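Working notes for the structure below.
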Amino acid sequence: MRKIQWGVLGTAGIARGHTIPGMLEAENCALCAVAGRSLEKAQDFQREFGFARAYGSYDELLADPEVEAVYIPLPNQLHYEWTLKALRAGKHVLCEKPLVPTAAQAEVLLAVARERGVVLMEAFAYLHSPFVAAVKAELDRGAIGEILYMESAFVTSDYDAANIRMRRETLGGSTYDLGCYTVSQILWMLGKAPSQVQAAADISPLGVDAYTAGVMRFADGVRASFQCGMVLATGEDKRIDRFQIHGTRGVLRSETEFNQKGELRYTIESDGRTETKSVYAPDNYRLEIEQMGRCIAEGEKPHVSNAFSLRVAQTLEEIIGQIPY
């Protein structure tokens, strides 16, 4: 099995806590290089994880001819700039969600990726989970009949004002940080884009949405609702993480957090019967890296397709446009 030579563009917490540990588990991944805003930060990561090289600037990493693929965990407002630079440098790119804040920017990135013949994938690690696949398979086989309604909620503790999630200049706020999960989950499970979106939000003193809720209507009459917020007990890592889907024959509910590893459960109530099912999920970040590697080495299609990322960007842009962000 060929190992893809990966570079990591940044030293963010999501990289340290989740994606790089997943890279270390991935069978087809080699840690080639890491770059930080300072050489010292990059060298800390090099020592901690075993990268072959460390760079004190992102441009230096992109100029490294041995780096095949780049993972971008930078703050939201930097995704477009550095994804575009990486693609133009001929690198395959895995960029953290949300890919970009506008559909127009997404279309530019997709076009450049096609021109350069490289893989671009948005890093929705949870969508690689066998748990998500199992739930989607239940819906597709008609386990609850024709879908009528879905709701998805992701609410967490709030953060210190210095956190990038709480700042406008870094495209913080609950819609970009958490709503991208609820929106992508609805679009993934239903397999289509909404024809109408309505949203309302509670805006924090820092100018970002502390809490946003909304409804979606689809052309076939299906409805969906979403909630996202950073309003629970400060600094205590509290969370509400759930979804449920109602159909003409019954309902499917999540019983555990969806972006986790281990034994995850969902319950189906249908035709007068109730059954709880368990699915073992490995580390989603490992699965994501391995799938991206197969796309590069074997021509596999990205599980999170460019068309799907464009639909998510369009929907998030519509939501943001309806709240005083």
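Everything numeric here is computed off the predicted structure, so don't read it as measured data.
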message: Please tell me whether Tyr211 and Gln227 have a donor and an acceptor in their side chains that are separated by less than 3.5 angstrom.
response: yes
task: Check the side chains of Tyr266 and Glu138 for a donor-acceptor pair under 3.5 angstrom, ignoring hydrogens and angles.
output: yes
field: ILVMFWY network linking Val118 to Val108, side-chain heavy atoms under 4.5 angstrom
entry: yes
query: Do side-chain atoms of Ser270 reach the backbone of Ala143 as a donor and acceptor pair under 3.5 angstrom?
result: yes
field: Lys/Arg N to Asp/Glu carboxylate O, Glu257 vs Arg239, below 4.0 Å
entry: yes
query: Do any N or O atoms from the side chain of Thr83 and from the backbone of Tyr80 form a donor-acceptor pair under 3.5 angstrom?
result: no
- prompt: Heavy-atom count around Arg141 CZ within 6.0 Å, excluding the residue itself: above 12?
  reply: yes
- prompt: Has the side chain of Arg249 got a donor or acceptor atom that lies under 3.5 Å from a matching backbone atom of Gly142?
  reply: yes
message: Quick check on the hydrophobic clustering: are Phe243 and Val222 connected, directly or via other members, by side-chain heavy-atom contacts under 4.5 Å?
response: yes
message: Set out, in order, the CA-CA distance, both residues' side-chain angles and the distance that settles side chain to side chain donor-acceptor pair (under 3.5 Å) for Tyr181 and Ser152, then state yes or no.
response: CA-CA 9 Å; Tyr181 284 106; Ser152 177; over 6 Å; no
Ionic contact status for Glu298 with Arg2, cut-off 4.0 Å: no
query: Under 3.5 Å, side chain of Glu122 to main-chain N/O of Leu99, donor-acceptor pair present?
result: yes
Distance in Å, Asp283 CG paired with Glu288 CD, rounded so as to fall on 0.5 Å steps: 9.5 Å
Verdict with reasoning, Arg294 to Gln291, per side-chain contact (heavy atoms from CB on, under 4.5 Å): CA-CA 5 Å; Arg294 294 193 300 273; Gln291 206 270 324; 3.4 Å; yes
- prompt: Any luck finding a side-chain donor-acceptor pair between Thr267 and Thr276 under 3.5 Å?
  reply: yes
message: Counting neighbours of CZ on Arg168 that are heavy atoms of other residues, nucleotides or ligands and sit closer than 6.0 Å, is the number greater than 12?
response: yes
field: Ile289 to Asn28 - nearest heavy-atom pair and separation
entry: O-OD1, 4.1 Å
field: Shared hydrophobic cluster for Ile268 and Ile147 (ILVMFWY, side-chain gaps under 4.5 Å)
entry: yes
query: Are the side chain of Ser204 and the backbone of Val208 linked by a donor-acceptor contact shorter than 3.5 Å?
result: yes
If you look only at distance, which donor and acceptor atoms sit under 3.5 Å apart when one is on a side chain in residues 318-325 and the other is two or more places apart or in another chain?
| residue | atom | partner | partner atom | Å |
| --- | --- | --- | --- | --- |
| Gln322 | OE1 | Ala199 | N | 2.9 |
| Gln322 | NE2 | Val197 | O | 2.5 |
| Tyr325 | OH | Gly172 | N | 3.4 |
| Tyr325 | OH | Gly172 | O | 2.7 |

task: Measure the NE2-CZ distance between His128 and Arg286 for me, rounded to the nearest 0.5 Å.
output: 12.5 Å
field: Heavy-atom pair with the smallest gap, counting every atom of Gly145 and Thr248
entry: CA-OG1, 3.5 Å
message: Name the residue from Phe154, Phe258, Phe131 that meets the ring-ring contact (aromatic ring centres under 6.0 Å, His included) definition with Tyr126.
response: Phe258
task: Could you check Ile72 against Val70 for side-chain contact (heavy atoms from CB on, under 4.5 Å), going step by step and ending with a plain yes or no?
output: CA-CA 6 Å; Ile72 299 179; Val70 172; 3.8 Å; yes
query: Looking only at heavy atoms, what is the nearest atom pair of Leu316 and Pro98, with distance?
result: CD1-CB, 4.1 Å
- request: Could you go through the side-chain contact (heavy atoms from CB on, under 4.5 Å) check for Met216 and Arg223 one step at a time?
  value: CA-CA 6 Å; Met216 301 180 193; Arg223 295 174 178 83; over 6 Å; no
query: Do NZ/NE/NH1/NH2 and the carboxylate oxygens of Glu27 and Lys3 come within less than 4.0 Å?
result: no
- prompt: Hey, is the main chain of Ala233 close enough, under 3.5 Å, to the side chain of Ser157 for a donor-acceptor pair?
  reply: yes
- request: Keeping the roles fixed (side chain from Glu151, backbone from Gln244), state whether a donor-acceptor pair exists under 3.5 Å.
  value: no
Atom pair SG (Cys95) and CG (Leu109), whose distance is rounded to the nearest 0.5 Å: 8.0 Å
field: Pair His92 + Trp6: ring centers closer than 6.0 Å
entry: no
message: Within a 6.0 Å radius of atom NZ on Lys192, are there more than 12 heavy atoms belonging to other residues, nucleotides or ligands?
response: yes
message: Please check: side-chain N/O of Lys91 versus main-chain N/O of Val67, any donor-acceptor pairing under 3.5 Å?
response: yes
Student check: side-chain heavy atoms of Val312 and Leu187 closer than 4.5 Å: yes
Reported NZ-to-CG distance for the pair Lys301 and Asn306, which is rounded to 0.5 angstrom: 10.0 Å
- prompt: Would you say the side chain of Val119 lies within less than 4.5 Å of the side chain of Val93, judging by non-hydrogen atoms?
  reply: no
query: Does the side chain of His79 pick up a donor-acceptor pair with the side chain of Glu81 at under 3.5 Å?
result: no
message: Same cluster or not: Tyr71 versus Ile164, using hydrophobic residues (I, L, V, M, F, W, Y) connected whenever any side-chain heavy atoms lie under 4.5 Å apart?
response: no
- request: State whether the number of non-hydrogen atoms from other residues, nucleotides or ligands found under 6.0 Å of Lys277 atom NZ is greater than 12.
  value: yes
task: Using only heavy-atom distances, determine whether the side chains of Gln185 and Thr182 contain a donor-acceptor pair under 3.5 Å.
output: no
query: Under 3.5 Å, is there a donor-acceptor pair linking the side chains of Thr274 and Glu269?
result: no
query: In the single-linkage hydrophobic clustering (I, L, V, M, F, W, Y; side-chain heavy atoms under 4.5 Å), do Tyr176 and Leu127 co-cluster?
result: no
task: Decide whether Glu263 and Ser278 meet the rule of one side-chain donor and one side-chain acceptor closer than 3.5 Å.
output: yes
- prompt: Between Phe124 and Phe308, how do the two ring planes meet: parallel, tilted or perpendicular, split at 30° and 60°?
  reply: perpendicular
query: Of the non-hydrogen atoms in Lys97 and Cys180, which two are nearest, and what is the gap between them?
result: CD-SG, 3.3 Å
- prompt: How far apart are the C-alpha atoms of Phe49 and Val8, what are their side-chain angles, what is the distance that settles it, and do they pass the side-chain contact (heavy atoms from CB on, under 4.5 Å) test?
  reply: CA-CA 11 Å; Phe49 296 109; Val8 175; over 6 Å; no
query: When rounded to the nearest 0.5 angstrom, what is the spacing between CE in Met23 and OG1 in Thr19?
result: 7.0 Å
message: Here's one to test your reading of the geometry: is the NZ or CZ of Arg165 within 45 degrees of the ring axis of Tyr159 and under 6.0 Å from its centre?
response: yes
- request: Any chance you could measure Leu94, atom CG, to Ile4, atom CD1, to the nearest 0.5 Å?
  value: 12.5 Å
query: Charged N to carboxylate O under 4.0 angstrom, Glu255 versus Arg265?
result: no
message: Ignoring hydrogens, what is the shortest heavy-atom contact between Pro282 and Leu287? Give both atom names and the distance.
response: CD-CD1, 4.2 Å
query: Is it true that the side chains of Glu169 and Gln77 contain a donor and an acceptor less than 3.5 Å apart?
result: no
field: Lys41 side-chain N/O to Ala35 backbone N/O, donor-acceptor pair under 3.5 Å
entry: no
message: Distance alone, cut at 3.5 Å: any donor-acceptor contact between the side chains of Tyr149 and Ser225?
response: yes
field: Whether Ser174 side chain and Asp209 backbone form a donor-acceptor pair below 3.5 Å
entry: yes
- prompt: Looking at Ser309 and Val304, what are the two nearest heavy atoms and their distance?
  reply: OG-CG1, 3.9 Å
